[in-house]
Amino acid sequence: MSYKAYLSQTQRIQSSQSGEYCSKYGVIALSFLILFFFVTPIIYAKTLPKDNNPTLCEIKIISSQIAKGTGIDRTERPITGWENVNQFPDLIESRWKDYSGSVWYKIKWDYTCNNQKAPATLVINNINMAGQIYLNNELLWQDRSLIEPLSRSWNMPRYWNLPASSLNAGENILWIRVVGVATQSSGLGKVLLGCHSDEVMPLYQKFWYEQRVLHFFNLVFSLTLGIVALLVWLFRRKESVFGWFALTSLTWVLIMSNVVMINPILELTTLQIARVNIVALFSYFILSCFYAWRLAQRSFPKTEKMLFAALATIALMAIFLPDSALGTFLMLSFIIGVLIIIINFITYPFIAYRSKKIEANLLACVFLIYLIVAVHDFLYIMKIGSGISWTAYTAPLATLFIALILAMRLANNIRKIERFSKTLEESVVQAKSELKLSLSAQHHLELENIKLQERMNLAHDLHDGLGGSLVRSMAIVDQSRDNLSNQQFLSMLKLLRDDLRQIIDSGSSSSNDAPETPMIWGAAIRYRFVQIFDELDIQSTWNFPDQWLTRPTALECLTLLRVIEESLTNIIKHSNARYIKVDLFYDQKDQLILEIEDDGIGFDVDAVFRSGMSVGLRSMKFRIEKIGAKMDILSQAGSTRIKVIKP
């Protein structure tokens with residue numbers, strides 16, 4: 001097995017094991033949550049104290065009354081103005097609308113025992129917002145703060161064991177002072193009195209479970225899921241549904257913190273907390289729409305802009321509205337937010353159906369169930385229905401189901417990525433194979449081009465070197481006055497052989513060393529052409545510098561030699577010149593200059609290049625451009641100059 005196949009198999013095994021571990025521990029975690037959610041009340045009930053020595057005592061509530069506090073700050077117990085309370089819980093606003101301050105509850109109850117006196121138990125499920133309790137004019141308990149910022153006992157059930165020594169045989173009175181705040185449904189919750197703990201403590205446990213355990217569990221659970229979703233979004237920004245769900249969960253955490261906290265944070269007053277809470281609640285309603293839409297891969301730009309505008313309006317009004325208008329504002333904001341979430345619950349099944357996404361359809365089912373809960377609790381809060389709030393029971397489970405749906409979404413995306421990675425790997429292998437074939441074809445083409453280039457170079461060398469020698473030999477034979485001897489013919493053939501050897505040896509000129517001095521470089525070609533010029537009665541002048549300023553490469557030296565050979569050969573062949581001058585020198589810019597002049601008949605340079613008939617001139621130009629030099633040719637009757645400039 002190859003390493004690549006082994007690595008692929010190992011990754012599949014690890015992925016399978018990871019999926020098994022996730023499934024295994026996911027089931028364990030879910031089972032633990034269910035056990036915690038449903039078994040905790042039973043365990044807690046088993047730990048309640050039992051009354052093993054029941055006595056024949058009886059408690060009977062005679063009357064319950066309420067009155068406003070008196071005095072400058074309305075904290076003193078009133079003497080008159082008492083009104084009867086028919087049942088608990090009792091709301092202050094049902095009697096005195098928009099009232100903020102202290103009220104007193106007077107609860108008369110009869111305590112009788114046939115034998116020895118026994119302690120009694122008092123249970124109150126909430127005091128909204130804060131309060132204090134007197135038993136027969138003796139202080140039994142009070143909140144930490146009875147002035148703003150107030151303590152928050154509105155969702156905190158409590159119980160007290162009333163010692164028998166503090167109880168009167170017959171009539172006893174509970175004085176309960178409640179510090180209420182308008183718009184906050186202030187008042188006194190359920191009041192239970194009993195001689196035996198078995199009579200009232202199960203109800204206290206029920207209050208504690210509903211008002212503390214469920215809400216605290218919901219808080220921790222939402223916080224955990226919110227952080228997990230936020231981390232997923234931070235690492236995978238394309239999964240915007242997790243970002244919106246994280247915001248929704250963390251907003252719900254803020255709302256639940258208001259439910260479970262007993263003491264105000266940051267020294268905020270009750271109404272300031274109410275302003276923050278309504279903004280958080282409205283944000284929760286809107287964000288619930290956003291993450292649901294993103295799960296269905298849908299967006300509604302106009303609707304979303306309207307919702308954000310509504311949220312901004314609610315936030316500004318919560319900041320700047322006076323306390324006198326706060327009650328109406330809180331109620332209207334709550335109603336609008338509930339209508340938004342209910343509309344989302346109703347319309348989302350259609351959105352999910354069109355999306356064809358399993359996760360969206362599952363969420364639509366959860367929303368349909370939660371629609372019933374939302375309507376029930378809205379009627380309960382508006383005092384239209386009776387019973388208890390269902391949100392405390394359903395919110396943790398609903399959040400859990402939504403988290404499982406999002407986990408399903410993440411798992412599906414991971415599987416898509418794995419499939420894409422596999423497809424990509426196969427595509428890469430195929431691309432490598434195609435690239436290998438392409439590179440092989442390209443390499444073959446490059447080899448052919450190199451061979452063709454070498455052939456062209458060889459042709460140029462044969463033309464410039466051997467061809468020039470042939471022209472020179474032909475000129476000698478043609479212009480000779482006497483017949484040439486065998487020795488002269490043999491000398492010409494040896495010269496052609498030497499030129500051929502020079503062409504062969506110059507094939508690797510790029511790796512050879514350049515001559516040490518210009519004089520050595522030009523000696524051979526000068527000697528060769530001077531002999532011919534003498535035979536043809538042509539005068540020549542040769543000028544070379546003593547040293548190189550910058551030593552040229554072997555290729556550059558060979559190129560300049562070929563230019564001299566081609567130029568002199570053309571002069572011999574076409575110009576009828578009687579004087580030739582060859583100069584190699586450096587100008588003021590330290591540029592190497594080669595000039596070849598003659599006094600021949602001249603030629604039309606532009607016409608020759610346009611005709612394309614001069615192989616020699618084109619060969620010279622090609623060679624000169626190859627070494628980064630440039631060539632200028634000026635020609636007229638009686639003067640032709642070829643100038644090569646090498647920077």
Side-chain angles (χ1 to χ4, degrees), residues 459-482 484 488 491-492 495-496 498-499 502-503 518 521-544 557-585 592-625 629-646:
H460 286 301
D461 288 338
L462 289 173
H463 174 272
D464 297 342
L466 189 60
S469 297
L470 286 172
V471 170
R472 294 191 298 272
S473 299
M474 291 169 61
I476 292 173
V477 172
D478 182 58
Q479 298 183 21
S480 177
R481 297 183 181 91
D482 301 322
L484 299 178
Q488 288 176 318
S491 177
M492 292 169 58
L495 183 62
L496 292 175
D498 293 339
D499 288 341
Q502 184 182 10
I503 292 172
W521 165 78
I525 194 169
R526 178 180 179 179
Y527 173 76
R528 189 182 308 148
F529 275 96
V530 165
Q531 287 182 332
I532 298 173
F533 291 158
D534 290 341
E535 293 287 339
L536 300 177
D537 196 19
I538 298 174
Q539 294 184 1
S540 62
T541 302
W542 301 74
N543 297 316
F544 300 116
C557 290
L558 179 61
T559 299
L560 294 176
L561 284 176
R562 292 290 185 241
V563 170
I564 295 175
E565 286 179 345
E566 179 64 24
S567 300
L568 296 180
T569 300
N570 287 336
I571 291 172
I572 294 171
K573 188 175 180 181
H574 302 292
S575 70
N576 297 326
R578 309 314 303 168
Y579 176 75
I580 299 172
K581 180 180 179 182
V582 179
D583 280 346
L584 184 70
F585 61 93
L592 184 62
I593 309 296
L594 172 64
E595 286 187 351
I596 304 171
E597 299 183 30
D598 69 84
D599 60 351
I601 61 176
F603 66 97
D604 189 343
V605 179
D606 294 334
V608 171
F609 275 108
R610 284 197 302 269
S611 66
M613 298 300 293
S614 177
V615 177
L617 287 178
R618 287 189 286 110
S619 176
M620 282 195 300
K621 185 177 180 181
F622 171 75
R623 289 178 180 276
I624 289 170
E625 290 177 350
K630 63 180 181 178
M631 180 177 68
D632 292 330
I633 302 177
L634 298 175
S635 181
Q636 59 184 1
S639 176
T640 298
R641 186 183 66 178
I642 298 174
K643 185 176 182 179
V644 177
I645 303 173
K646 176 65 177 73

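No experiment lies behind these values; they were computed from the predicted model shown. Note that these values count all heavy atoms, side chains included, but never hydrogens, waters or copies made by symmetry.
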In sequence, state the C-alpha distance, the side-chain angles, and the governing distance for Val644 and Thr559, and then conclude on side-chain contact (heavy atoms from CB on, under 4.5 Å). CA-CA 11 Å; Val644 177; Thr559 299; over 6 Å; no
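- Checked against side chain to side chain contact (heavy atoms under 4.5 Å, CB included), Phe585 has the following partners two or more places apart in sequence or in another chain: Asp583, Ile593, Glu595.
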Ile624 vs Lys646, test: side-chain contact (heavy atoms from CB on, under 4.5 Å). Steps then yes/no. CA-CA 9 Å; Ile624 289 170; Lys646 176 65 177 73; over 6 Å; no
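- Among residues two or more places apart in sequence or in another chain, the side chain to side chain contact (heavy atoms under 4.5 Å, CB included) test is passed with Thr640 by Asp598, Phe603, Ser635.
- Looking at heavy atoms from C-beta onward, Leu568 lies in side-chain contact with Val582 at the 4.5 angstrom threshold.
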Candidate pair Ile601 and His574, rule side-chain contact (heavy atoms from CB on, under 4.5 Å), full reasoning: CA-CA 8 Å; Ile601 61 176; His574 302 292; over 6 Å; no
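- A donor-acceptor pair under 3.5 Å is absent between the side-chain atoms of Trp542 and the main chain of Arg526, judged by distance alone.
- Nearest heavy-atom pair across Ile580 and Ile571 is CD1-CG2, 3.5 Å.
- Taking OG1 of Thr569 as the start and CD1 of Ile564 as the end, the distance is 11.0 Å to the nearest 0.5 Å.
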Please assess Glu565 against Phe529 for the test side-chain contact (heavy atoms from CB on, under 4.5 Å), listing each intermediate value before the final yes or no. CA-CA 9 Å; Glu565 286 179 345; Phe529 275 96; 4.3 Å; yes
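- You'll find the side chain of Asn543 reaches within 4.5 Å of the side chain of Lys581, heavy atoms only.
- Interatomic distance, Ile633 CD1 to Ile642 CD1, rounded to the nearest 0.5 Å: 5.0 Å.
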